Amino acid sequence: MKIEINTLIPDLHFLKGMDISAFDAFYIGFPFCRKFEGNLSEIPEDMEFSISYLKDKGKRVYLTTYATPLTRDLDSIIESVERAVQYGIDAVEVHNYGVLRMINRNFPSLRIHMGSFANIYTDATVIKLKEYGVKRVTPNYELRIDEIEYIRDKSGMEVELLLHGKIPIGISESCFSLEIAEKTGKLCPEACKQAVVLRRDGWVLRNMGTLMLSGKDMCMIEHLNMINKAGFSIFRINGFSENPAYIGSVCRIYREALEEMLSGGIYKREWKEELYKYSTDGFCNGFYFGKSGRLYVDAMGNIHE
Amino acid sequence: MYKVMAPVRDLGYLDGILEAGADGVYTGLQGSSRGRVCEGLQEKEIEELLIRCHKKGKLVHIALNAIPDSRLTDKLIEKISYLVGMGVDAIILNEVGIVSLAVKRVPHSSIFASVGCGILNIDDALFFEDLGVRGITLSWMVDPEEIYEIKRRTSLKVEVFFYALREFIQRGKCILGPYLMRGTTDLRRGGNCINICSARYEINSNGNSGVCLLPLEEYMVTDAFKSYIEAGVDLFKIQGREFNIEKIRKIVSIFRHISEGRGN
């Protein structure tokens, strides 16, 4: 089975700071705020450079698009997709149905991936989306792994799973970084470059301006055997809210683990121990096991806060 | 002519809400709608609601906006079919696939796409019109100018909020509740929004620390009311199935006051 491990690169600073070698593919751009400084989907020359750089290294490159566009945003999204197509993009990620409709009409042969904020919960949605040129979906992160498996099998669609990193759990209308600008002294566009940590009663969240993230890192390293047996092969690792140096190392661990386990090897405890070094607030594994997203279910089924 | 839709969670509220001036009511079907399992009306109660409302020429919209597991969608479609057969004026749904199935399998249904569908732009509206919905509920993020464009280019009924609690995280773009407390707060799976986002949090950013509350504001269309009317809005919704009768009556009265041009 051929696997793909991908990640999101929001800007050139992140691209230049990371080791891309273990990844197969990259989503470029920051879909949660159009004003994000250096947003690769908004700055033509940075987009061109990053696509060309990554493709020269033999990587697949997907453009991600703004997740919550109003009518006034649509023309510039289409312009951005048009540029990316000219630069040789392999696919476009879409979170909004209006953007999907426009891209399907304007670029009928372009491969479309539907992102997690498109709110895909059922196989019926995925089957409908085939009519719009969609070739891959990321079901809403709220779904259990058995539901995702069912959706994939019933629809025959390629499905992407989040394997590691912070889980995007909400997009706000206003920018939290600006709400607290008095405390931080930072204004747009630099304010959201520094992730804010929110804590309450043992809960922890991260914020990057308009994006709310899990405070803990999603971690599926202990469950790769189950993931492999279920036949999943496309994985995302999130690290865009972290130091870029972190993400290449995380990907290398997962690649080694996936390849070893696919060839009949056994789980090694040091993989998780190594990953733990990069985590500031511990692990969770989201909604895959039907629990609160912030909890961690280990390979024995024990639940950890 | 535009209408105002008020929430009704208890049949005992109905006369009071209609007397205050609501043109129609909406509620959830117990077990298939957002909120705790015990909330919403049962099928028998919806039957009575329909008789009483239709006798007075009032609309009834029923929300089945909890998105089931893929393996349970047939049961949801059966419920939609039953409600449509009873004469419900519109069914409010929350996911593309469910909308698509309902339109196909329940041909005489009038389906509205809930605010949870995240419709924000003209092409979103066209996408849902292509799916076969008759109406859409828009977020307050969509301004009258953009609503005008939607009305001009589609034949959709457009519903906006007249009154709502405006949370920090966008409608249809939030899984914070189940991230923190699964079971009670799975908003799109039938749970209850307890505005967990608006709790008090300690914040830390690059060495700066403090305490904050994420914004949660009451939202009411007042000054912009005329602009929404001119844009062609068909329905104004009062959010708040959790509110008591006094609060709902008060908001309906304010709506009437403003809509009759008597100021804010």
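Within every chain, numbering begins at 1; the chains are lettered A, B, ... in the order of the sequence lines, protein sequences first and strands thereafter. Both backbone and side-chain heavy atoms feed into the values below; hydrogens, waters and symmetry mates do not. Treat the numbers as computed from the prediction; the structure is a model and nothing was measured.
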Query raised in the report: Which atom pair, heavy atoms only, marks the closest approach of B:Leu120 to A:Pro69?
Result: CB-O, 3.3 Å
Requested in this report: Look at the side chain of B:Glu95 and the backbone N and O of A:Thr125, then say whether any donor-acceptor pair between them is shorter than 3.5 Å.
Outcome: no
Query raised in the report: When you check the side-chain N and O atoms of B:Asn121 and A:Asp73, is any donor under 3.5 Å from an acceptor?
Result: no
Query - chain A-proximal positions within residues 140-156 of chain B [heavy-atom distance under 4.5 Å] - result: B:Trp140, B:Met141, B:Val142, B:Asp143, B:Glu146
Report summary line: Contacts of A:Asn243 meeting side-chain hydrogen bond (donor to acceptor under 3.5 Å, both in side chains) (sequence neighbours excluded), chain-then-number -> none
Report task. Give, as side chain, backbone, both or neither, the part of A:Leu74 having an atom under 4.5 angstrom from any heavy atom of chain B. Result -> side chain
**Report entry** Contact origin within A:Lys291 toward chain B - heavy atom pairs under 4.5 Å
**Finding:** backbone
Requested in this report: Tell me, please, which residues at least two apart from A:Tyr66 pass ring-ring contact (aromatic ring centres under 6.0 Å, His included).
Outcome: none
Requested in this report: Please flag which part of B:Leu101 lies under 4.5 Å from any non-hydrogen atom of chain A: side chain, backbone, both or neither.
Outcome: side chain
Query raised in the report: B:Cys212, B:Ser205, B:Gly210: which one forms the most heavy-atom pairs within less than 4.5 Å of chain A?
Result: B:Ser205
Query raised in the report: For A:Glu147, is it the side chain, the backbone, both, or neither that has a heavy atom closer than 4.5 Å to a heavy atom of chain B?
Result: both
Report summary line: Here the pair of heavy atoms bringing A:Arg294 nearest to B:Leu180 is NE-O, 2.6 Å
Requested in this report: Salt-bridge test for B:Asp69 and A:Arg144: reply yes if a basic N is under 4.0 Å from a carboxylate O, no otherwise.
Outcome: yes
Query raised in the report: Do other residues, nucleotides or ligands put more than 12 heavy atoms under 6.0 Å from the NZ atom of A:Lys130?
Result: yes
Query - Proximal component of A:Ile171, with respect to chain B [non-hydrogen, under 4.5 Å] - result: both
Query raised in the report: Which bit of A:Lys154 comes within less than 4.5 Å of chain B, counting heavy atoms only: side chain, backbone, both or neither?
Result: neither
Query - Crowding at NE2, A:His304 (>12 non-hydrogen neighbours, <6.0 Å) - result: yes
Query - Any B:Leu214 side-chain heavy atom under 4.5 Å of A:Met212 side chain - result: yes
**Report entry** Derivation and outcome, ring-ring contact (aromatic ring centres under 6.0 Å, His included), residues A:Tyr132 and B:Phe127
**Finding:** CA-CA 10 Å; A:Tyr132 289 83; B:Phe127 176 90; 4.9 Å; yes
Report task. Kindly indicate whether the side chain of B:Tyr179, heavy atoms from C-beta on, has any atom under 4.5 Å from the side chain of A:Ser214. Result -> yes
Report summary line: Tightest non-hydrogen contact, residues B:Ser70 and A:Ile151, listed as OG-CG1, 3.5 Å
Requested in this report: Heavy-atom pairs under 4.5 Å with chain B are the metric here; pick the option from A:Thr68, A:Leu129, A:Leu143, A:Ile127 that has the most.
Outcome: A:Thr68
Report summary line: Assert top hit (heavy-atom pairs under 4.5 Å, partner chain A, pool B:Leu126, B:Leu131, B:Val211) equals B:Leu126
Report task. Please report the shortest heavy-atom distance between B:Gly172 and A:Asn119, naming the atom on each side. Result -> O-ND2, 2.6 Å
Query raised in the report: Within the distance-only criterion (no hydrogens, no angle test), does the side chain of B:Lys173 pair as donor or acceptor with the backbone N or O of A:Phe117 below 3.5 angstrom?
Result: yes
Query raised in the report: Under a 4.5 Å heavy-atom cutoff, which of A:Leu70, A:Ile167, A:Asp123, A:Thr210 has the most pairs with chain B?
Result: A:Leu70
Query raised in the report: Taking A:Arg200 for the side chain and B:Arg200 for the main chain, is one N or O donor matched with an acceptor at less than 3.5 Å?
Result: yes
Requested in this report: Heavy-atom distances under 4.5 Å only: say whether A:Ala118 touches chain B with side chain, backbone, both or neither.
Outcome: neither
Requested in this report: Determine yes or no for a side-chain-to-main-chain donor-acceptor pair under 3.5 angstrom, with A:Thr71 supplying the side chain and B:Ile122 the backbone.
Outcome: yes
Query raised in the report: Is the shortest distance from a Lys or Arg side-chain nitrogen in A:Asp146 or B:Arg71 to a carboxylate oxygen in the other one below 4.0 Å?
Result: yes
Requested in this report: Start with the C-alpha distance between B:Asn204 and A:Val196, add both sets of side-chain angles, then the distance that settles side chain to side chain contact (heavy atoms under 4.5 Å, CB included), and finish with yes or no.
Outcome: CA-CA 6 Å; B:Asn204 192 294; A:Val196 178; over 6 Å; no
Report task. Go through the atoms of A:Lys193 and report whether side chain, backbone, both or neither lie under 4.5 Å from a heavy atom of chain B. Result -> neither
Query raised in the report: Hey, does the side chain of B:Asp124 reach the backbone of A:Gly98 with a donor-acceptor pair shorter than 3.5 angstrom?
Result: yes
Query raised in the report: Would A:Arg199 count as a cation-pi partner of B:Tyr201, with NZ or CZ less than 6.0 Å from the six-membered ring centre and within 45° of the ring normal?
Result: no
**Report entry** Under 4.5 Å from any heavy atom of chain B - which part of A:Leu198
**Finding:** both
Report task. Give me the contact list for residues 281-288 of chain A versus chain B, heavy atoms only, anything under 4.5 Å, ordered by residue number. Result -> A:Cys284, A:Phe287
Report task. Flag the pair A:Glu173 and B:Arg166 as a salt bridge only when some basic side-chain nitrogen lies within less than 4.0 angstrom of an acidic carboxylate oxygen. Result -> yes
Requested in this report: Output, in order, the C-alpha distance, side-chain angles, deciding distance and verdict of side chain to side chain contact (heavy atoms under 4.5 Å, CB included) for A:Tyr97 and B:Ile119.
Outcome: CA-CA 8 Å; A:Tyr97 290 106; B:Ile119 299 169; over 6 Å; no
**Report entry** Residue A:Leu205 versus chain B: region with a heavy atom under 4.5 Å
**Finding:** side chain
Query - Side chain / backbone / both / neither for A:Leu100 at chain B, heavy atoms under 4.5 Å - result: side chain
Report task. Measure distances from A:Val204 to the heavy atoms of chain B and classify the residue's part below 4.5 Å as side chain, backbone, both or neither. Result -> backbone
Query - Where A:Ser172 and B:Gln170 come nearest, the two heavy atoms and their spacing - result: O-NE2, 3.4 Å
Query - Euclidean distance, A:Glu179 CD relative to B:Ile203 CD1, rounded to 0.5 Å - result: 10.5 Å
Query raised in the report: Just by modelled atom types, is the B:Asp123 backbone N or O under 3.5 Å from a matching donor or acceptor in the A:Arg101 side chain?
Result: no
